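Just so we're clear, the structure is a prediction, and the values are computed from it rather than from any experiment. Within every chain, numbering begins at 1; the chains are lettered A, B, ... in the order of the sequence lines, protein sequences first and strands thereafter.
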Amino acid sequence: MSYAYHFKRSHAFAGALTAVMAVLSGLTGPATAARPCRPVTPIPPDTLDIPKPSPVKRHTTAVNVIETSNAYLLRPFDFARQFKRLNDSLPRALNAGPFGEVPNSSWYTARNSHRRMSLGEIARGPNTAGGPDTSGCLYVFRAKDFGLSPGFSVRDTLGREYVIKFDSRDYGELASGAELISTKILYAAGYWVPENHVTVFDTAKVMVDTGVEFIDQRGRKRTMRRDDLTWMFRQVAVRDDGRVRALASRYIEGEPLGEWRFRGTRRDDPNDFIPHQHRRELRGLRVIGAWINHFDARTENTFDAYVTVNGRSYVRHYLLDFGSTLGASTSGPMWRSYGHENAFDVPLVLLRIITLGFYSPFYMRWDTLVSPAVGTWEARTFDPGAFSYGVPNLAFANMTAADGFWAARVVMSFTDAQIDTIVASARYSDPADAAYVARILKKRRDMIGRYYYDRVNPLGNFRLLSSGTESPELCFDDWAVDAGLHRGAATRYRYAVKVHCGCRRQQRPDWRMSETTCLPLDIPVSSGDLCVVVTVRTLRRGRRPGRDMRAYIRRAAGRGAVLVRIER
Amino acid sequence: MRFSVWIAAMVVACAAAPDTVYKGIVVARDTTAVVLTTDSASADSIIDTVFVRTTWRAREPWEYVLAVPGVLLTLPIQVVTRIVAGTAWLVEQTEIDRLVQRLLLAGDPYASLTPSFSLGRGFALSYRKYRLFGEASELRASGAYGFNNRHAVGFALANGGLFRSSWGGALSFTYRYLPEESFYGIGPDTDEDDETDFGLQDLQLVLTATYAPGQHFVPSLSVSIERFDRFDGSDDELPNTESVFTPEQLPGLEGEPLFFGVDGELTIRSATSEPRPASGLEIVTLAGVRAGLNTDEFGYWFGSYEVRFTLLLPRLPHRAVILRHFGGSVEPFDGREIPFYLLNAVGGEGTVRGLADERFRDRDVFVFSGEYQYQIWAVNGYALDFFVFADAGQVGDDIFFGLDFGEYESGYGCGVRLYQPGNLVMSSALGFSDEGVELYLSFRVN
């Protein structure tokens, strides 16, 4: 469904009237259906200079309650939505490009999936500098309330500010390792994330600034003292050499504006014109998050910052807090049900009531603690399509097969060497732990690829090759074969070329077969504009035929053919 | 109206920038963005942006129509959800949870303030101050206010490990004011339509000595002085007990008896003291004697015996089977009498759920209860358990010969218990019996 209407000044008023009439008549269906070869207007940039929006405080518990109730009460009884789901026609992502790509924006920047990052770039991730300078003193200037894990904010001697998060006493390296790995994966995948570093420092070099407000164990607000730090260090993992390993998360540049939601738009941000539930990168986060077990992807762990880049000030949207990923759940190993159940999974609760508590899902029977540093990270119970997040959200619920495929393509873009490099940067003290973490990441990556590539026709990189003759060839890559998920020798492509006449009665397709990824097209010569639709179906030996996908080619009179868009 | 504004904005935009080319219009949910540029091929040449608020129609008209039944169907639950979300918003907005935490002295190792609530007893607040004058000394003060103007206050001073031994002692004072108590008559055959009401004040001073060599075996002996004052009930819709029964029929209707009592109690416990039931056994036996001090020739003089037996069958993951038995008897000595409000009773929480509170009264009581509790949800220290129960009980005038085991009053039902960090337990249950449905709500800090 395209909501972009392209027109020039001379047609402005007519275009406006058309748009108004379209809205009035409720015809909000695919604008491309009538004219499939019309060029697709690119989505305008969302990094225009805007005045600073007001910071917001999202009431995360309320948001979680509403999102959960919407998932279990509202959406199942939205019969129109259920009808469209059954019909596999949930609305397309609004910011998907003509070839399924996601344009760069304040949300997303195509990185590893666009151009393979070097191992150096992968290891560096979002970091623009090293971690905190631990050769000098670290000054605590802000205290964290007593929560799940102890922590505080420090300023190093170079004036850089970091949030320090510790591993819990019994699970050294667990949360810091998981957060570092997930940060670098999400950055390479294209999201905006904070700079995170694994750092080791001497606790004697940590000083408390004067007047740091602090809420103690008794809930009293008072000035932080040195003995509060001593108490804190007793709760965290200390290395054999007496120093402490922690994750240092650098303060995000720009002015904080609060969290963003997985639905709607921010009213005071004019750049935020695409509802979040219709952004492909947010829908696809469901797949990428499943890869790294990021079950805690919710509003609470997001962040908007008002940044200035190249003289333009706009809102950039971040993901935060990955301490509950891989096998970690901030202060300990990830609980077995995480990733398999929502935080309040209504059907499971009802099932347990009805079965008098005897229903025990298979994942609750695995004892999956690998080691204190790795936690419960595993692939045995991982089901890419059934991964559940703590709090369900509308963006994830809206994910279509095409969104899933896009995200799986991002996941599959990570090579074994890149994964090894990312895991090595987490500096696990036991090489066996690092090897295990990397092995499971690769395994889950392949499971995701296999799952989502089989749900669409996994062809991409479409291009027209013309050798000067009248009829060009339509070439593409079979990404499932390239990823080693299927054999090229056992794959055939069935295709049909059809001229779109715009009439009610279309011509019957003339099906042909090809063993290669270049399909010769016989586009008839015509004096007028032609719109040619090429339908491709991938057949693999021993498997059921996959889904059709279409390529739309436009040929203006007297000009060459242009590939306009694809439809998956 | 909205569309005319939209068109007007378009026209104004055209007039204001006559040399520009419209790159496109993006109709989004909340905003219509008209992006103006000098060159449609380059995003960098955007010179201005006009934003017009409008409503983005994500759905077609038939979808709205089809969605209506679902909206109507889920409306009540959605209203409840919004209220819950609104409450959560309020809590976060005002940081009321932190305030409550401070008020409840959370984290203070030397004091605690714990609220509790139950539909039957009302709201209560209990304050404890530890290590007052010794390692195991404790001051307890509590107050309760319930529906129908019920209220109670209590103070207790306790000290364990007296003289570095296993002996401990406690002195407690309690006052209760119960203006609307129900009374249906004595015996197992009373009719629920015969309900009357009476009021009662109760003042109690108890001195207790406890010997606790370990956690599992705790004998104690206490002496008490207790004064009762019965008065007319304040419920205008029910007849007063005094107007239906005569003092001859119902001992205790007249006078303000003052009792001297001696009680012995023995607790044998192997069950763990964690808030969620796990496994183990608890037996509490109690025997006591009460003598009226201010009535003619010691008009009241009786003994009471009680056995409470709780068995948790064996430790199962996330579930427990709880069997309870309660047997009690009050026996007058030498042909004396017992005030009707000190008779044993059946009905309500602790006996037979589903019956009204203290629905049946008589000298002796026998109650059996079975409960199966299992976890249905847990996350981050929170756990929600569901339980089903069946209770049966009967009163009679003779515990061995006066009870007809074939005619037990029974109740059954189900409920949920929410366990939260900080040992806060919230419980809600529905009890069903032949006489109707009773709702039980409570929260307490273990």
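- Residue A/L74 holds its CG atom at 4.5 Å from CD of B/Q78, rounded to the nearest 0.5 Å.
- Contact of A/N70 with chain B is made through the side chain alone, with heavy-atom distances under 4.5 Å.
- Minimum heavy-atom separation, A/F79 to B/G70: CE1-N, 3.6 Å.
- Residues of residues 350-360 of chain A lying under 4.5 angstrom from chain B, judged on non-hydrogen atoms, are A/R352, A/I353, A/L356, A/G357, A/F358 by number.
- Between A/F344 and B/Y382 the shortest side-chain heavy-atom distance does not fall below 4.5 Å.
- Here A/S337 pairs with A/W335, A/E341, A/Y363, A/M364 under the side-chain contact (heavy atoms from CB on, under 4.5 Å) rule; sequence neighbours left out.
- Residue B/F387: no heavy atom, backbone or side chain, is found under 4.5 Å from chain A.
- Heavy atoms of B/T81 lying under 4.5 Å from chain A belong to its backbone as well as its side chain.
- Nearest approach of A/A62 to B/A85, heavy atoms of both residues: CB-O, 3.3 Å.
- Taken to the nearest 0.5 Å, the CG atom of B/L73 stands 10.0 Å off from the CG atom of A/L73.
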side-chain contact (heavy atoms from CB on, under 4.5 Å) evaluation trace for A/D345 with B/W377
CA-CA 8 Å; A/D345 205 304; B/W377 172 78; over 6 Å; no
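- The 12-atom threshold is exceeded at CZ of A/R75, counting heavy atoms of other residues, nucleotides or ligands nearer than 6.0 Å.
- Note that NZ of A/K84 is 11.0 Å distant from CG of B/L66, once rounded to the nearest 0.5 Å.
- In terms of the side-chain contact (heavy atoms from CB on, under 4.5 Å) criterion, residue partners of A/S388 (sequence neighbours excluded) are, by chain and number, A/N342.
- Remark: A/E300 engages A/T60, A/N64, A/R298 in a side-chain contact (heavy atoms from CB on, under 4.5 Å) (not counting sequence neighbours).
- To the nearest 0.5 angstrom, B/I376 atom CD1 is 11.0 Å from A/L348 atom CG.
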